[in-house]
Amino acid sequence: MNPQVPTGHSSEVIRDYYNYMYSYWLDKLDQTYFIHWDTLGWVLLWLFVLAAGFYAYARWQKTTHADQEPYPVETYNGYIQETNGPVGAFLTLFFIGMIIWLVTMTILNIQNGQLY
């Protein structure tokens, strides 16, 4: 038995015992975290690329003029709806990228298990 550990049944001894236990565990705490600056840099780079891409796309859409009304109205079964046109290039590329990413992540999870 460790002689530094307080023993007894009085409230002062119990308080000393818990203070000893807390000091034992709190003295062993060290700084166990590290900021991965390279990962933070990549995240900020991708955020910048996405923001710049959305900004450029919005500016391009603002300067592009359609020959006709962008949302011609049609009547169907008594309801007024917007015309469903073809999917634009941005959404096509977005969906292709998402499908490739999902397939890649599925294959990597099957091969390596879940990476946290």
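Scope of the values below: all heavy atoms of this structure, side chains included, with no hydrogens, waters or symmetry mates. None of the values given here were measured: they were computed from a predicted structure.
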Nearest 0.5 Å, what's the CG-CD1 distance between Asn19 and Ile14? 12.0 Å
Enter the distance from Leu102:CG to Ile107:CD1 here, rounded to the nearest 0.5 Å. 11.0 Å
Counting heavy atoms not belonging to Phe94, are there more than 12 under 6.0 Å from its CZ? no
Cluster link [X] to [Y], ILVMFWY, side chain under 4.5 Å:
| X | Y | value |
| --- | --- | --- |
| Leu50 | Ile100 | no |
| Leu91 | Ile99 | no |
| Phe95 | Trp101 | yes |

For the residue pair Phe54 and Phe90, is the inter-centroid distance of their aromatic rings smaller than 6.0 Å? yes
Within a strict 4.5 Å, meaning less than it, do heavy atoms of the Leu45 and Trp42 side chains meet? yes
